[in-house]
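Remarks on the structure that follows.
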Amino acid sequence: MTADAPLRLSRRAALLAGTVLVTGCGDDGSGGTEESPAPTDGTAPPTAPSSAAGSPPAASASSGRRALAKTSEIPVGGGTVFKDAKVVVTQPAQGEFKAFSAVCTHQGCLVDKVADGTIDCPCHGSRYRIADGSVAAGPAPRPLPAEQIDVSSGTITLA
């Protein structure tokens, strides 16, 4: 082939070349920065702490578990959604604390509030009872799964 002769590619070759070019030069959506690799020593990577209660969660030095709130911060007959932990903690009766996943069983939205005895999802109106996470109003097909918490010395800790 001479320098003046046109280059002829089949459609398949052109598509393959375009795919390779796009794949090799594509934007991964990270804004041009790379994240540090996860530690290999079994520790979790650092995260910025925040909680729905307004104060950063603390970790128990001995267990590494995450303190969500003081018991006094969870209203009787209500509850608090901890979006970062994807957990909602309720107090159906004085001194009785329950915890549930904050992920709605309908389509995976996060519940956003606890009001009038129910845990409410903003996406499609599902509501769950604070006492047991059961469905009070659909379209949620299943109750919220229970989460394990420890209540000790006035602190609620995610187990």
Using a 3.5 Å cut-off and no angle test, enumerate the donor-acceptor pairs between side-chain atoms of residues 88-100 and protein atoms at least two apart in sequence or in another chain.
| residue | atom | partner | partner atom | Å |
| --- | --- | --- | --- | --- |
| T90 | OG1 | I130 | O | 2.8 |
| Q91 | OE1 | G95 | N | 2.8 |
| Q91 | NE2 | I74 | O | 2.6 |

(Q) Checking A102 now: which residues fulfil side chain to side chain contact (heavy atoms under 4.5 Å, CB included) with it, not counting sequence neighbours? (A)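 If we apply the side chain to side chain contact (heavy atoms under 4.5 Å, CB included) test to A102, skipping adjacent residues, the hits are V81, L110, V111.
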N/O donor to acceptor pairs below 3.5 angstrom from side-chain atoms of residues 134-142, sequence neighbours left out:
| residue | atom | partner | partner atom | Å |
| --- | --- | --- | --- | --- |
| S134 | OG | R129 | NH1 | 3.0 |
| S134 | OG | D132 | OD1 | 2.7 |

Q. Which pairs, with at least one residue in residues 121-159 and sequence neighbours excluded, count as a ring-ring contact (aromatic ring centres under 6.0 Å, His included)?
A.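 For residues 121-159, and leaving out neighbouring residues, the ring-ring contact (aromatic ring centres under 6.0 Å, His included) pairs sorted by first residue read H106-H124.
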Q: Quick one: which residue pairs count as a ring-ring contact (aromatic ring centres under 6.0 Å, His included) with a foot in residues 137-159, not counting sequence neighbours?
A: none
Q. Can you name the closest pair of heavy atoms from G79 and P75 and give their distance?
A.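 The pair with the smallest heavy-atom distance is N-CG, 3.8 Å.
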Can you list every pair that meets disulfide bond (SG atoms under 2.5 Å apart) and has a residue in [range], with sequence neighbours left out?
{"range": "residues 114-159", "value": "C109-C123"}
{"range": "residues 70-105", "value": "none"}
{"range": "residues 124-159", "value": "none"}

Please identify each residue that fulfils side-chain hydrogen bond (donor to acceptor under 3.5 Å, both in side chains) with [X], with sequence neighbours left out.
{"X": "D120", "answer": "T118"}
{"X": "S101", "answer": "none"}
{"X": "T71", "answer": "none"}

Q.
Same cluster or not: F82 versus L158, using hydrophobic residues (I, L, V, M, F, W, Y) connected whenever any side-chain heavy atoms lie under 4.5 Å apart?
A.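 Same hydrophobic cluster.
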Q) Measuring from T80:OG1 to E73:CD, what's the distance to the nearest 0.5 Å? A)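 These two atoms lie 7.5 Å from each other.
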**Q.** Test item: I119 and R127 side chains (from C-beta on) under 4.5 Å apart, heavy atoms
**A.** no
Q: Could you tell me which residues satisfy salt bridge (Lys or Arg N to Asp or Glu O under 4.0 Å) with D116, sequence neighbours excluded, listed by chain and number?
A: none
